[in-house]
Amino acid sequence: MKSIDTPLVVLDKNKLKRNITEMAQFSKEAGVDLRPHIKAHKTPEIALLQVEAGAKGITVAKIGEAEEMAKAGIRDVFIAYQIIGEKKIQRVINLMRAADLTLAVDSEVGVGYLKDMAAKVERKIPVLMEVDTGLNRCGVKSGHEAIVLAKKIRQIPGLNFKGIFTHAGHAYGASSPSQVDEIGRQEGEIMVDLARGLNKEGIPVEVVSVGSTPTAKISGRIKGVTEIRPGNYVFYDAMQVSLGVVPAQRCALSIYATVISKPTQNRVIIDAGSKTLSLDKGAHGNEMLKGFGFIKGYPHLLLSRLSEEHGIIEGMKSEKMPEIGDVLEIIPNHACTAVNLAESLVVFDENNRVNNWKVKARGKVQ
Ligand SMILES: Cc1ncc(COP(=O)(O)O)c(C=O)c1O
């Protein structure tokens with residue numbers, strides 16, 4: 001261990017493949033399509049494994065992610081993000097040559113942008129309407145508001161209203177596993193009710209798409225849901241463990257960091273700070289999460305503070321502490337944000353061979 005150069009973002013391919021296979025199996029058993037959100041990893045090698053395991057297509061947040069995945073040969077891409085602005089419209093049009101895109105919309109203004117886009121291309125653009133099932137982020141409210149917007153989308157000849165989608169990200173703020181279950185159930189039921197309401201108005205709904213990693217296996221079982229879009233499940237992380245989604249052994253991604261200082265008996269400093277681990281404590285607030293990651297082999301220690309390039313680990317006086325030069329493995333709070341900060345992942349395969357997988361479309365631009 002002491003010969004490796006840290007900090008490193010390390011991926012266990014065995015665990016990764018298990019996570020990918022298990023979710024693919026769930027989707028088959030539940031009879032729903034799997035369209036994983038690849039913003040979690042931004043890594044073509046991982047997206048291709050997901051498709052190989054049975055994913056129907058992928059979900060992305062950024063046009064840059066869609067561009068990179070199309071370059072890797074993935075055609076069926078849902079951009080689950082509002083496309084607003086002339087430059088973005090043009091990029092999406094250009095990308096339509098390389099990928100079969102489905103686009104998201106949640107407002108009349110957004111429909112206007114998509115209408116302009118449709119006027120410039122010769123095919124009908126498939127569209128999913130975003131619905132807010134409690135996250136209070138994007139999305140129309142289920143009911144009248146949703147029916148009015150769906151009708152507006154259907155009035156545009158260049159748009160093909162395919163259905164509805166939501167993301168119950170508020171599950172990350174849950175204070176118990178049973179609350180996660182409840183949020184997942186609501187996510188599915190609200191969407192299925194809305195699909196029925198739209199049907200009553202004569203609007204066919206082919207796609208009812210739900211999902212976050214904590215809720216996918218709950219909302220994915222509600223009859224009438226047709227698709228799940230978990231993303232983080234390829235890795236899992238301290239957030240998922242604290243929510244009770246999986247035990248820590250299922251986490252495929254860890255940060256390797258070296259102890260560089262031991263100023264007192266109960267405080268050591270590692271060479272991974274916020275620029276490696278990210279300051280993420282759960283985007284929507286998670287009271288069950290303590291510190292900035294789990295330290296493997298030292299469950300009693302707390303990674304209590306992060307500077308940009310320093311991580312501060314504290315323990316009680318009597319507890320076993322690591323020594324200067326030791327390499328620690330840390331499961332990050334949020335694997336997706338940690339990966340976004342890394343240029344590449346160091347991947348250990350089944351035979352302990354090491355590969356380097358580049359993380360694409362990182363950072364703010366795109
Ligand atoms: C629209 C949308 N769908 C799916 C996901 C995937 O959820 P998770 O990160 O919990 O796997 C996200 C994550 O932010 C999202 O924003």
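Since the structure is predicted, the reported quantities are computational estimates derived from the model, not experimental observations. Remember, it's 1-based here, ligands and their atoms both numbered in the order they're listed.
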Participant: With a cut-off of under 6.0 Å to the ring centre and 45° to the axis, is K281 in cation-pi contact with F292?
Facilitator: yes

Participant: Could I get the full list of side-chain hydrogen bond (donor to acceptor under 3.5 Å, both in side chains) partners for N19, not counting sequence neighbours?
Facilitator: R250

Participant: Report every pair formed by an N or O atom of ligand 1 and a protein N or O atom separated by less than 3.5 Å, giving atom names and the distance to 0.1 Å.
Facilitator:
residue: ligand 1; atom: 3 (N); partner: R229; partner atom: NE; Å: 3.4
residue: ligand 1; atom: 3 (N); partner: R229; partner atom: NH2; Å: 2.9
residue: ligand 1; atom: 9 (O); partner: K39; partner atom: NZ; Å: 3.4
residue: ligand 1; atom: 10 (O); partner: Y172; partner atom: OH; Å: 2.4
residue: ligand 1; atom: 10 (O); partner: T213; partner atom: N; Å: 2.9
residue: ligand 1; atom: 11 (O); partner: T213; partner atom: N; Å: 3.2
residue: ligand 1; atom: 11 (O); partner: T213; partner atom: OG1; Å: 2.6
residue: ligand 1; atom: 11 (O); partner: G231; partner atom: N; Å: 2.6
residue: ligand 1; atom: 11 (O); partner: N232; partner atom: N; Å: 2.8
residue: ligand 1; atom: 14 (O); partner: H167; partner atom: NE2; Å: 3.4
residue: ligand 1; atom: 16 (O); partner: R137; partner atom: NH2; Å: 2.9

Participant: If you count heavy atoms of other groups shown closer than 6.0 angstrom to OH of Y81, is the number above 12?
Facilitator: no

Participant: Below 30° counts as parallel, above 60° as perpendicular, anything between as tilted: where do the rings of Y233 and Y236 land?
Facilitator: perpendicular

Participant: State whether K151 and E201 are salt-bridged, where the test is any N-O pair (Lys NZ or Arg NE/NH1/NH2 against Asp/Glu carboxylate O) under 4.0 Å.
Facilitator: yes

Participant: Are the side chains of T258 and D326 in contact, using a 4.5 Å heavy-atom criterion?
Facilitator: no

